[in-house]
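Some notes on the structure that comes next.
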Amino acid sequence: MSTLPNLLPPSTPGALAGKVAIVTGAGSGIGRAAALAFARQGATVVLAGRRAQPLQGVAQQIEQAGGRHLVCATDVRRDQDVAELVSTTVQRFGRLDIAFNNAGIPSFGLIGELAVAEFDDVIATNVRGVWLLQKHEISAMRTVGNGGVIINTSSIAATGGTAGLSAYAASKAALDAMVRVLALEVGADGIRVNNISPGVIRTEMSTAIAPEFLSAIQAHTALKRIGEPEDVADVAVWLASDAARYITGQSILVDGGFNIAGVR
């Protein structure tokens with residue numbers, strides 16, 4: 001579990017100093033790691049998620065290390081919640097520079113056994129929710145006029161096939177298609193839009209994977225280990241920084257080389 005002992009002091013400019021970033025799903029896993037990583041690089045971080053208690057825990061870590069934050073309880077499936085998240089961010093801080101749209105839910109089940117309600121919830125959260133976030137984030141970034149960076153969490157499942165992932169894989173493949181379109185729509189406004197496509201990462205979601213399958217995944221991965229949330233968070237920081245200023249419309253694999261020999 002990460003803490004913030006390395007957080008740069010407020011007087012030391014980091015790669016994201018002076019920036020304001022929204023992170024959804026910030027209470028755990030990849031979102032939590034990204035929120036802490038953005039804070040380490042000097043960004044003010046708006047922590048969003050459905051569960052308030054985990055968000056408060058992350059906020060406390062940032063505050064103790066001298067960082068700035070704001071907690072916003074948000075259900076990304078609700079247009080009103082998303083609109084309030086973005087408007088509150090701009091009203092409070094006067095800008096929105098970075099959005100890491102990471103909130104999402106898993107789904108596993110053969111199509112004959114998968115409930116329609118579960119499919120609908122996955123699409124509502126992973127596709128509609130990310131679409132709503134980008135709709136409001138792009139509007140705010142255009143109004144402020146400073147450009148911006150949007151990063152979405154896709155998945156290795158978007159380009160591979162694994163039995164039982166019909167809903168989840170479809171939701172992530174939709175993000176890969178969406179990012180290409182939006183990059184073309186907003187590039188002239190100085191807004192970059194990219195996806196990160198993680199492999200199997202050690203989060204709450206991966207705890208549902210049976211140990212024997214997890215071992216097989218690790219063996220199939222070039223780096224011979226399961227990914228950590230920080231592996232994804234560091235890529236998010238890079239994409240949000242000026243070091244990635246000429247990158248947009250991409251879905252970047254962060255999978256330890258799992259995909260080299262083909263997704264299993």
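Only this structure's heavy atoms are used, side chains among them; waters, hydrogens and symmetry mates stay out.
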Identify the two heavy atoms, one from [X] and one from [Y], that lie closest to each other, and give their separation to 0.1 Å.
X: Gly29; Y: Pro229; value: O-CB, 3.7 Å
X: Gln250; Y: Asn194; value: N-OD1, 3.0 Å
X: Ser107; Y: Tyr168; value: O-CB, 3.7 Å
X: Asp75; Y: Val82; value: O-CG2, 4.3 Å
X: Arg78; Y: Leu132; value: C-CD1, 4.3 Å
X: Leu85; Y: Val46; value: CD1-CG1, 3.8 Å

same_hphob_cluster([X], [Y]) at 4.5 Å side-chain heavy-atom cutoff:
X: Val90; Y: Val149; value: no
X: Phe93; Y: Met141; value: yes
X: Ile151; Y: Ile22; value: no
X: Leu165; Y: Ile123; value: no
X: Leu133; Y: Phe38; value: no

Fill in: Partners passing salt bridge (charged side-chain N to carboxylate O under 4.0 Å, His left out) against Asp234 (at least two apart in sequence or in another chain)
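Asp234: no salt bridge (charged side-chain N to carboxylate O under 4.0 Å, His left out) contacts found.
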Discussion item. Suppose we screen for salt bridge (charged side-chain N to carboxylate O under 4.0 Å, His left out). Which residues come up paired with Asp176, at least two apart in sequence or across chains?
Written reply: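 Here no residue qualifies.
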Practice prompt. State, without any angle test, whether Gln60 and Gln56 hold a side-chain donor-acceptor pair at a distance under 3.5 Å.
Written response: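 No pair is found: no donor N or O on one side chain lies under 3.5 Å from an acceptor on the other.
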Worksheet item: Do Asn126 and Ser171 get their side chains close enough for a donor-acceptor pair, meaning under 3.5 Å?
Response: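 Result is yes, a qualifying pair exists.
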Worksheet entry | Worked verdict on Asp121 versus Arg77 for salt bridge (Lys or Arg N to Asp or Glu O under 4.0 Å) | CA-CA 9 Å; Asp121 197 25; Arg77 298 171 300 181; 2.9 Å; yes
Does [Y] offer a backbone N or O that forms a donor-acceptor pair with the side chain of [X] under 3.5 Å?
X: Gln41; Y: Ala15; value: yes
X: Lys224; Y: Gly256; value: no
X: Asn195; Y: Leu175; value: yes

Is the shortest side-chain heavy-atom distance between [X] and [Y] below 4.5 Å?
X: Thr153; Y: Ile196; value: no
X: Asp79; Y: His136; value: yes
X: Arg225; Y: Thr221; value: no
X: Ser28; Y: Pro54; value: no
X: Ile62; Y: Leu36; value: yes
X: Phe100; Y: Leu239; value: no
X: Ser197; Y: Thr159; value: no
X: Ile156; Y: Phe258; value: yes

Practice prompt. Report, as yes or no, whether the 6.0 Å neighbourhood of atom CD on Gln80 holds more than 12 heavy atoms from other residues, nucleotides or ligands.
Written response: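 No - once you tally the heavy atoms of other residues, nucleotides and ligands closer than 6.0 Å, there are 12 at most.
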Item to complete: List the steps, then state whether side-chain contact (heavy atoms from CB on, under 4.5 Å) holds for Trp238 with Ile252.
Response: CA-CA 12 Å; Trp238 173 69; Ile252 299 175; 4.1 Å; yes
Practice prompt. Please assess Ile217 against Ile226 for the test side-chain contact (heavy atoms from CB on, under 4.5 Å), listing each intermediate value before the final yes or no.
Written response: CA-CA 8 Å; Ile217 290 167; Ile226 300 301; 4.1 Å; yes
Practice prompt. Decide side-chain contact (heavy atoms from CB on, under 4.5 Å) for Val122 and Ile105; before the verdict, give the C-alpha distance in whole Å, the side-chain angles of both, and the deciding distance to 0.1 Å.
Written response: CA-CA 6 Å; Val122 170; Ile105 60 173; 4.1 Å; yes
Fill in: All side-chain hydrogen bond (donor to acceptor under 3.5 Å, both in side chains) counterparts of Arg92, not counting sequence neighbours
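Here no residue qualifies.
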Worksheet item: Which is it for Glu228 and Asp231 under the side-chain contact (heavy atoms from CB on, under 4.5 Å) test, yes or no, and what are the steps along the way?
Response: CA-CA 5 Å; Glu228 300 295 337; Asp231 295 325; 3.7 Å; yes
